[in-house]
2 protein chains.
Amino acid sequence: MSKFKDFVGEEKGPQCPRSYILALTDTLNVIQGKWKLPIIASLLRGMNRFKDLLASSEKITPRMLSKELKELEINGIVQRIVYDQTPVLIEYRLTESGRDIATVIDSMIDWGMLHRSQLMPTKSQ
Amino acid sequence: MSKFKDFVGEEKGPQCPRSYILALTDTLNVIQGKWKLPIIASLLRGMNRFKDLLASSEKITPRMLSKELKELEINGIVQRIVYDQTPVLIEYRLTESGRDIATVIDSMIDWGMLHRSQLMPTKSQ
DNA sequence: GTAGGCAGTATACAAAAGTATACTGCTAAT
DNA sequence: ATTAGCAGTATACTTTTGTATACTGCCTAC
């Protein structure tokens with residue numbers, strides 16, 4: 001049976017274990033926001049410098065990129081690595097969990113495709 | 001390999017198939033927003049009337065519940081069923097896809113728990 | 001005929017998320 | 001000395017999302 005099934009709002013108290021709720025909100029924090037997934041995708045593809053990430057997700061502003069990277073770092077999804085050379089070089093890299101989140105995204109893609117095919121049985125595109 | 005890996009922002013064009021991006025954004029639309037998951041959980045637990053949903057997610061306002069249910073209906077997650085008796089009875093029910101989304105949520109819970117255990121190896125709670 | 005339940009809607013407001021534009025401090029090369 | 005690149009920060013917005021509070025229309029039971 002689904003782990004999620006017994007989730008309810010905070011006030012009534014969840015029926016499923018609290019650890020499930022914590023885990024779920026962690027995951028939501030990682031994928032929520034307009035730029036999180038584009039940034040994670042760029043990191044997966046090997047972009048690791050600020051300027052490259054800025055260029056790869058065209059239209060993101062440095063303010064947003066900076067903010068999102070900080071949140072991802074706080075949440076243990078990326079590491080910020082400072083190479084103490086001149087000029088200083090800074091790299092962002094996905095942690096192991098960060099790389100693993102692709103499996104969650106893939107399950108979202110799977111569900112989405114199944115869902116679309118059920119809505120429009122013939123032309124599923 | 002991950003389906004998601006080659007996602008990038010719209011301007012540069014995604015490297016992964018467009019159908020993946022559509023599927024992913026569909027899924028995000030279903031789970032995004034403060035009340036979507038609490039509502040889906042309540043529906044999974046067999047709540048199907050407006051007043052019951054209002055009461056189960058304590059603190060949600062009728063305006064928000066109404067809005068979220070409409071979006072879920074548009075996205076093919078819930079059906080609104082009108083029983084033409086007096087007084088009229090209206091039920092909200094998850095579609096098959098709607099029920100299936102629990103598997104996505106479960107994969108989010110799984111990742112979140114793994115992630116937590118990697119951040120704090122000893123006490124994973 | 002009035003009070004109450006059901007299924008919402010209307011209006012106004014507050015808070016959160018995102019954008020635009022300009023700027024900083026450091027170094028390195030010309 | 002000046003210009004340019006890197007890695008951001010600062011300030012002031014605009015847009016989106018969510019909240020508060022009150023109200024509607026329909027029916028039923030008292």
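Convention: sequence-line order gives letters A, B, ...; per-chain numbering from 1. Computed from a prediction, not measured in an experiment: that's the story for all the values here.
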Testing Ile40(A), Asp110(A), Ile31(A) for side chain to side chain contact (heavy atoms under 4.5 Å, CB included) with Ile105(A), which one passes?
-> Ile31(A)
Distance in angstrom units between Gln85(A) CD and dA7(D) P, rounded = 10 Å
Between Gln32(A) and Pro62(A), the residue closer to the 5' end of DNA chain C by nearest nucleotide is Gln32(A)
Could you tell me the separation between the CH2 atom of Trp35(B) and the C1' atom of dT17(D), rounded to a whole number of Å?
-> 13 Å
Is there a donor-acceptor pair under 3.5 Å between the side chain of Thr95(B) and the backbone N or O of Val78(B)?
-> no
Any Lys34(A) side-chain nitrogen or oxygen under 4.0 Å from OP1 or OP2 of dG18(C) = no
Distance-only side-chain donor-acceptor flag, Gln118(A) / Ser97(B), under 3.5 Å = yes
Leu53(B) atom CG is separated from dA7(C) atom C1', nearest whole Å, by 12 Å
Under-4.0 Å side-chain N/O to phosphate OP1/OP2 contact, Arg49(B) with dG5(C) = no
Rounded to whole angstrom units, what separation is found between the CG atom of Leu54(A) and the C1' atom of dT21(C)?
-> 14 Å
Pairwise 5' ranking along DNA chain C for Glu68(A) and Lys70(B), keeping only the more 5' one | Lys70(B)
Ignoring the backbone of Lys67(B), work out which of dA7(C), dG18(D), dT21(D) is nearest its side chain.
-> dG18(D)
Atom CG of Leu65(A) and atom C1' of dC6(D) are separated, to the nearest Å, by 13 Å
Considering just the side-chain nitrogens and oxygens of Thr86(A), establish if one lies under 4.0 Å of OP1 or OP2 belonging to dA28(C).
-> yes
Distance-only, no hydrogens or angles: does the His115(A) side chain make a donor-acceptor pair with backbone N or O of Asp100(B) under 3.5 Å?
-> no
What about Arg63(A), does its side chain sit under 3.5 Å from the base of dT21(C) through a donor-acceptor pair?
-> no
Closest to the Tyr92(B) side chain: dG8(C), dA7(D), dG18(C)?
-> dG8(C)
Hey, is Glu91(A) close enough to Arg80(A) for a salt bridge, meaning N to O under 4.0 Å?
-> no
Given atom CG of Asp52(B) and atom P of dA7(C), what is their separation to the nearest angstrom?
-> 8 Å
Leu28(A) CG to dT17(D) P: how many Å, rounded?
-> 16 Å
Nearest whole angstrom, please: distance from the C1' of dA17(C) to the CD1 of Ile60(A).
-> 13 Å
Looking at dT9(D), dG8(C), dT21(C), which one has an atom nearest to any side-chain atom of Ser66(A)?
-> dT9(D)
Closest-nucleotide 5' rank along DNA chain D - winner of Pro87(A) and Phe50(A) | Pro87(A)
